[in-house]
Every structure is written in C-alpha cells, then in structure tokens.
Novice: 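Dumping the structure here so I can ask a few things about it.
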Number of protein chains: 2
Amino acid sequence: MLSNSTKYAIKGVLYLALNSDEDHKVLVRDIFEVVHVPEAYLAKLLQELSRQGVISSTRGAKGGFYLSEQDRKRSLMDIVKVIDGERRVNSCVMGIHNCDMDNPCVLHKLVGANKSKFIKVLENTTILDLVEGRQDIEEFFPL
Amino acid sequence: MLSNSTKYAIKGVLYLALNSDEDHKVLVRDIFEVVHVPEAYLAKLLQELSRQGVISSTRGAKGGFYLSEQDRKRSLMDIVKVIDGERRVNSCVMGIHNCDMDNPCVLHKLVGANKSKFIKVLENTTILDLVEGRQDIEEFFPL
DNA sequence: CATAAAAAGGATAAAAATATCTTTTAATCT
DNA sequence: AGATTAAAAGATATTTTTATCCTTTTTATG
C-alpha cells in the first residue's frame, strides 16, 4: 500500500519535526543514519518533498531541511501523494480496472472499508498530531 | 500491502472456483484473458499454488488446474502466504525493524487496527465464502 | 569577492518484481 | 507402444523500484 520510499520519507519528516525549525536546519548527513535510509536516497526524497512544498529547505552554508509551522500542519497523506502519487493510494486494492471507492468490486466490499479508514487516518493525521503527543513519537525512534 | 502477483493469483483462483472441479479442469490458456493476467505469468503463479497444495492440478492430456472441495475451504490468506510470503503481510506497515503486531510502533497504533482487520478478513474469508454468494462474485468479473 | 557549505539535478547502477520462453515430465488416447 | 496434450520446471528477459554517484547551482559568511 505504501512504498518503501514513502515510508522513508515519513521517517525523514518525523525526524525533522522533532529536530528542526526555521533556525535549526538539518543536514541529510545528520538524519540518514538515525532513520536507516541511504543518505543519497533520503536526500532525493526530501528534495522532492521540498520542491512540492511539503517541507522546507534552504541551500548553501547554514542551509538544510526543516519544517516550518505551516509544514507541520501537513497530513501524512500529503507526503504519500508526493512520493507515491495519488493514483497508487486511491486505486483499487485488487488492481481492478474501473474500480474505485465509488464503484467498488467484491474485494472492495470485503476490504475497502478498512482501506477507506486507513486513508482517512493518513488524511486526518498531521505531523503535528504525531509529535504533539497525540501519538507517542518517542517509541518511533530508532526508526 | 498485496503484491500484484498475489492479486493475480486471487483472480485466477476465483476463476477456478467458478469454473472448475475434479471433472472439469481448466487450462491457463482459458483463464488468462478473462482475468487480464499474462498467460505464462499466471501459469507460474498457479503452479506455485498447486505445488504448495492451495489449488490442484494434473499434468498431461485432460489435465489442468482445478479446485477440490478441500481447496475451496482455503482462505484468501493461504494464497497471500504462498505468493507474497507471510513476512510481507505480517511485517510492520512502516518497515520498522523489531516492530510487529505484538510490539507495535507509533504508526502501528495509528494504522495497525485497520491492518489487523484487513488481515483477519483475509484469514476468515474462504474461496467458498466468496463464491457462495456471501459475497457477490458476479461483480468480480471481468477482472 | 572568494570560498565553503549545502541542496538540486542528472545520469547511472543495482536489486526486486514482473513477465516470457524453452525444455522436461506426466497423463491420456489411440 | 507411440503420439499428443498439458502442467512443471528452469533459464532468461524486461520493467519498475530503489539506490548511488557526480556535477551544478545557490547561499552565507569571512
């Protein structure tokens, strides 16, 4: 359902949520070991998230990646959409053509309810929610 | 969550459930177009299912794939396990090491309940259930 | 303004998943 | 027995995903 890339991206963003802000930018070099994602690959993922406005970054000396206050209000789904694309998430669990939430196949009836909830969770949970103790982020590390 | 291969396999088995029995074996050649899976690839998947005893087959003239009465009592999870392997299904949604249903990470708390239900559905739904109108299989074709 | 720091971008490589092709083995039917 | 049919098995090819490397551009600062 979620690609490894998306999982990596979420881990990276959670790290930023815990360790960065406008004044404390973070280098990929400092994240990748903690979250167990290859440095260059994590860089690529964060770059893409930044390009799409889901996270923030500045180049050059004293630069790095960080989360603005706005960024923290992003949902997990925002990350998923950037990395996996909307299609992957919304498409039929069974890969059946012409089948989606509105026009479900048998397997959807069986499984779709769960999937819908899963998607809603992703949509309704922000980075902030996760960090602000609504979920106990501590347990999340080491990732 | 489910690989394409597993989805293909489920489609193939459902076709067998609807169109085969001990006396009416079915050739891959007759299935693949209906379920929209490449012939040789579907053959591979069905062979594996047969080898693992989830479906039945005989070689040679009058041979083919079919579902015995026993086979029909198999759960969807049995198919998933053969094709994707147990690990893939049971492993952490987030790919976090040392995290599973018993020892869940944050994302598990968030998402795990849905996943558990999803798994239970797969475990508790047999081929027979799907075919015997407990689920309306007709809608399932064309796959 | 020079230099160093850091993300961005492009091109390539490796691995995994998906798919195909060819040969072998087993069953059935003259 | 021999011919034919069809799955099983093995080898190979393609595509997608994941990952790395190297160069370029941007920015801050001494």
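Order of the sequence lines fixes the chain letters, A, B, ..., with proteins taken first and strands second; residue numbering starts at 1 for each chain.
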Novice: To the nearest angstrom, how far is Y41(B) atom OH from dT16(D) atom P?
Specialist: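 Roughly 13 Å, once rounded to whole Å.
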Novice: Among dA8(D), dC21(D), dT20(C), find the nucleotide with the atom closest to the side chain of R59(B).
Specialist: dA8(D)
Novice: To the nearest Å, how far apart are D23(A) CG and dA28(D) C1'?
Specialist: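 Computing the D23(A):CG to dA28(D):C1' distance gives 15 Å.
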Novice: State which of dA9(D), dG9(C), dA19(C) makes the closest approach to the side chain of R51(A).
Specialist: dG9(C)
Novice: Let me know the distance between CG of L45(B) and P of dA19(C), rounded to the nearest Å.
Specialist: 9 Å
Novice: Checking all strands, does L46(B) fall into the base, sugar-phosphate, or nothing category for heavy-atom contacts under 4.0 angstrom?
Specialist: nothing
Novice: Closest approach to the side chain of F65(A), judged atom by atom: which nucleotide of dT20(D), dT20(C), dA7(C) is it?
Specialist: dA7(C)
Novice: Supply the atom-to-atom distance K62(B) NZ to L27(B) CG, rounded to the nearest 0.5 angstrom.
Specialist: 10.5 Å
Novice: Quickly work out the H36(B) NE2 to dT18(C) P distance and round it to whole Å.
Specialist: 19 Å
Novice: For dA8(C) and S50(A) - does any side-chain N or O of the residue sit under 4.0 Å from the phosphate oxygens OP1/OP2?
Specialist: yes
Novice: For DNA chain D, whose closest nucleotide is more 5', that of V26(B) or that of G63(A)?
Specialist: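 Comparing both residues, the 5'-ward one is V26(B).
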Novice: Could you give the OH-to-C1' distance, from Y66(B) to dA6(D), as a whole number of Å?
Specialist: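 Whole-Å distance recorded here is 14 Å.
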Novice: With a 4.0 Å cutoff (strictly under), does any side-chain N or O of S5(B) reach OP1 or OP2 of dA17(C)?
Specialist: no
Novice: Which nucleotide wins on minimum distance to the side chain of A61(B), given the candidates dA5(C), dA7(D), dT28(C)?
Specialist: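 Given the options dA5(C), dA7(D), dT28(C), the side chain of A61(B) is closest to dT28(C).
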Novice: Answer yes or no: does a side-chain N or O of R29(B) lie under 4.0 Å from OP1 or OP2 of dA6(D)?
Specialist: yes
Novice: Just compare dC21(D), dA28(D), dT18(C) and give me whichever is closest to any side-chain atom of K44(A).
Specialist: dC21(D)
Novice: Hey, what do you get for CZ (F65(A)) to OG (S56(A)), rounding to the nearest 0.5 Å?
Specialist: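 If I round to the nearest 0.5 Å, the distance is 10.5 Å.
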Novice: What's the separation between atom CD1 in I10(A) and atom CD1 in I83(A), rounded to the nearest 0.5 Å?
Specialist: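 That separation rounds to 9.5 Å.
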Novice: Under 4.0 Å from OP1 or OP2 of dA8(C): is there any side-chain N or O of S57(A) that close?
Specialist: yes
Novice: For K25(B) and for E39(B), locate the closest nucleotide of DNA chain C by heavy-atom distance; then report the residue assigned to the nucleotide nearer the 5' terminus.
Specialist: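 Taking each residue's closest nucleotide, the earlier one in sequence belongs to E39(B).
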Novice: Touch check for G60(B), heavy atoms < 4.0 angstrom, all strands: base, sugar-phosphate only, or nothing?
Specialist: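 Counting heavy atoms under 4.0 Å across all strands, the contact made by G60(B) includes a base.
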Novice: If you assign T58(B) and L42(A) each to the DNA chain D nucleotide with the nearest heavy atom, which residue ends up on the more 5' nucleotide?
Specialist: T58(B)
Novice: Could you grab the distance from atom OG of S20(A) to atom CG of D71(A), nearest 0.5 Å is fine?
Specialist: 8.5 Å
Novice: Suppose we call a contact any N or O donor and acceptor under 3.5 Å apart; does that hold for the side chain of Q47(B) and the base of dA7(D)?
Specialist: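 Answer no: no donor N or O sits under 3.5 Å from an acceptor.
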Novice: Just verifying a value: how many Å separate L128(A) CG and S75(A) OG, rounded to the nearest 0.5 Å?
Specialist: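 Answer for the CG-OG pair, L128(A) versus S75(A), is 12.5 Å.
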Novice: With respect to the phosphate group of dA19(C), does any side-chain polar atom (N or O) of Y8(B) fall under 4.0 Å of OP1 or OP2?
Specialist: yes
